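One structure is given here, and the rest of the page talks about it.
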Amino acid sequence: MDPHDALTEIATLLERERSSRYKSKAFRAAADAIEGLSDEELRDAASLRRRTGVGDSTFAVIQQALAGDVPGYLADLRERAGVQRVSTLRTELRGDLHSHSDWSDGLTSIELMVDAARALGHEYLALTDHSPRLRVANGLSPERLRSQLEVVAGMSGGGFTLLSGIEVDILDDGALDQEDELLDELDVVVASAHSKLRMDRGPMTRRLVAAASDPRVDVLGHVTGRLVEGSRGTRPPSTFEARPVFEACQAHGVAVEINSRPERQDPPDDLIALALEIGCVFSIDSDAHAPGQLSLLDYGAERAERLGVPPERIVTTWPLERLREWTGRDRGV
C-alpha cells in the first residue's frame, strides 16, 4: 500500500480511539515528511532515516508498505477499531456542528479538518473553537476569531461548506463568553459550560436556561458535562432541573446536542428521552479535536437511533439550506 496513506490512516485511527496526541501527531508529521517522495527515494533507507519527522516506528511502517504489506501497526489498529458502527441514521447525517482546530485545543489545522470532513462525505462542518475564558484550551479572543473568519471564508466549495462558529463558554450567570456583535456574525453558536460544573441545582438550572434562551445560541453542548470513561477519568453530571432547561431549548428552537464522544455520552439516555418528550430538536455532533474524531458521529447516531430520536428532529440530517434558515433564527421546525 502507499506509505503516505498508511501513515495517515494510522494517525486517523489513533485520533479516533483518542490515543495520545503525540502519537497521532508523530505519524502525521512523518506523512508530511515523505509527501511527494518517489518509491526510489523512500527505499533509500539512510536518507530516509535522516529526514526530520521519520522515526523508528514510522520508518518501519514505510518499509512494510513499500513491500506491499499492510504494516503490522496499522493492522493492529484496524483490528482494535473493529467493524465500524453502522446505523440507518448515520447514513442520513449530512454534517457536524461541533469541531475544533489547532486555533484552540484541536490537534491539526483547519485544512486537515476540512479534508477529513470531505472524505466522510459531509455537506457541511461547523468550526467551533473555544471562546476566550477557556485559556487552558487556548480560547479565541475577539481579534483571533475575526482572523479565523477570514480563513474560514475560503474553505468552502465543491459541494462542501465550512460554517463559521464557536463553542462559547456559558458564564456563571448564563451570559456568553464573546462579544455580542461577533456572535451575530457566526453561522453556528454552540453554548457549553466548562467551569463550576458542581454549582448548586438552582443556580445551574438558571445558568443553562439563560443560555438556552439567548437568541444567538443554536446548540446547547454536552449539557451535563459528565465523563464516563477515558484518559481524563470520570466526572459526575452537573445537577440541575432538566425540564425547564429543555423547555427553554424547545421554546427558542435551540438544539440539544447528542455529543458523540464515547467518554461523554452526553446527555444520558433518560435526558434524551425527556428532551424528546418535550419536543426539542437535536444535533448529533462529534466534538472532534482531530480529523480522525469526526467519524465519532457513528456513536452518536447509534445512540439516537436506539433511543428513537426521529431523523426529522435532528438538525444535522437537514440540508444546508434548511440548516441556514434555522441558524438564521427562522426556527419553524
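Everything quoted here is computed from the prediction, not taken from an experiment. Atoms considered below: every heavy atom in the structure, side chains included; atoms not considered: hydrogens, waters and symmetry mates.
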Can [Y] be reached from [X] by stepping across I, L, V, M, F, W or Y side chains whose heavy atoms are under 4.5 Å apart?
| X | Y | result |
| --- | --- | --- |
| Val223 | Ile314 | yes |
| Val254 | Val209 | yes |
| Leu276 | Val256 | yes |
| Leu186 | Leu134 | no |
| Met155 | Leu294 | yes |

Is it true that a side-chain atom of [X] and a backbone atom of [Y] form a donor plus acceptor pair closer than 3.5 Å?
| X | Y | value |
| --- | --- | --- |
| Gln293 | Ala288 | no |
| Asp266 | Thr224 | yes |
| Arg264 | Val228 | no |
| His98 | Val190 | no |
| Thr161 | Leu163 | no |
| Ser238 | Arg198 | no |
| Trp326 | Gly253 | yes |
| Ser101 | Gly106 | no |
| Gln265 | Pro262 | yes |
| Asp177 | Val168 | no |

query = Excluding sequence neighbours, so at least two apart, what forms side-chain contact (heavy atoms from CB on, under 4.5 Å) with Thr52?
reply = none
Under 3.5 Å, is there a donor-acceptor pair between the [X] and [Y] side chains?
| X | Y | answer |
| --- | --- | --- |
| Arg201 | Thr239 | no |
| Thr327 | Asp218 | no |
| Asp287 | Asn259 | yes |
| Gln148 | Asp129 | yes |
| Ser131 | Asp169 | no |
| Glu167 | Ser192 | yes |
| Glu41 | Ser38 | yes |
| Ser286 | Asp96 | yes |

Working to the nearest 0.5 Å, report the span between [atom1] of [X] and [atom2] of [Y].
| X | Y | atom1 | atom2 | result |
| --- | --- | --- | --- | --- |
| Asp39 | Asp2 | CG | CG | 8.0 Å |
| Arg78 | Tyr73 | CZ | OH | 14.0 Å |
| Met1 | Asp69 | CE | CG | 10.5 Å |
| Ser104 | Asn138 | OG | CG | 7.0 Å |
| Ile110 | Asp115 | CD1 | CG | 12.0 Å |
| Ser47 | Arg51 | OG | CZ | 5.5 Å |

Minimum heavy-atom separation for [X] and [Y], please, with both atom names.
| X | Y | result |
| --- | --- | --- |
| Phe282 | Ile272 | CZ-O, 3.9 Å |
| Arg90 | Asp298 | NE-OD1, 3.0 Å |
| Asp285 | Leu97 | OD1-N, 3.0 Å |
| Arg21 | Ser24 | O-OG, 3.1 Å |
| Gly174 | Ala210 | CA-CB, 3.9 Å |
| Ala11 | Phe27 | CB-CB, 4.0 Å |

Contact between [X] and [Y] at the side-chain level, heavy atoms closer than 4.5 Å - yes or no?
| X | Y | value |
| --- | --- | --- |
| Leu89 | Thr317 | yes |
| Leu13 | Leu74 | yes |
| Leu176 | Leu171 | no |
| Ile34 | Leu48 | yes |
| Glu247 | Gln250 | no |
| Arg146 | Leu182 | yes |
| Phe160 | Glu123 | no |
| Ser109 | Trp103 | no |

request  = Show your reasoning for whether side chain to side chain donor-acceptor pair (under 3.5 Å) applies to Ser164 and Asp187.
outcome  = CA-CA 5 Å; Ser164 63; Asp187 293 318; 3.2 Å; yes
request  = Kindly indicate, with the supporting measurements, whether the criterion side chain to side chain contact (heavy atoms under 4.5 Å, CB included) is fulfilled by Leu183 and Glu179.
outcome  = CA-CA 6 Å; Leu183 290 172; Glu179 293 179 355; over 6 Å; no
Do [Y] and [X] meet the salt-bridge criterion of a basic N to acidic O distance under 4.0 Å?
| X | Y | value |
| --- | --- | --- |
| Arg18 | Glu229 | yes |
| Arg207 | Asp173 | no |
| Glu9 | Arg16 | no |

task = Can you tell me which residue pairs pass the ring pair (Phe, Tyr, Trp, His ring centres under 6.0 Å) test with a partner in residues 184-233, sequence neighbours excluded?
result = His130-His194, His194-His222
task = Go through the steps to decide whether Glu263 and Arg235 satisfy the test salt bridge (Lys or Arg N to Asp or Glu O under 4.0 Å), and finish with yes or no.
result = CA-CA 10 Å; Glu263 66 268 32; Arg235 181 170 64 209; over 6 Å; no
query = With a cut-off of under 6.0 Å to the ring centre and 45° to the axis, is Arg261 in cation-pi contact with Tyr299?
reply = no
key: Working for side chain to side chain donor-acceptor pair (under 3.5 Å), residues Arg133 and Ser195   = CA-CA 10 Å; Arg133 191 173 77 159; Ser195 61; 2.6 Å; yes
key: Chi angles and distances behind the side chain to side chain contact (heavy atoms under 4.5 Å, CB included) call for Val245, Leu220   = CA-CA 10 Å; Val245 172; Leu220 188 62; 3.8 Å; yes
message = One pair to check against salt bridge (Lys or Arg N to Asp or Glu O under 4.0 Å): Arg28 and Glu15. What are the steps and the verdict?
response = CA-CA 11 Å; Arg28 287 200 179 277; Glu15 291 161 356; 2.7 Å; yes
request  = Count the heavy atoms of every other residue, nucleotide or ligand shown that sit under 6.0 Å from CG of Asp180, and state whether that count exceeds 12.
outcome  = yes
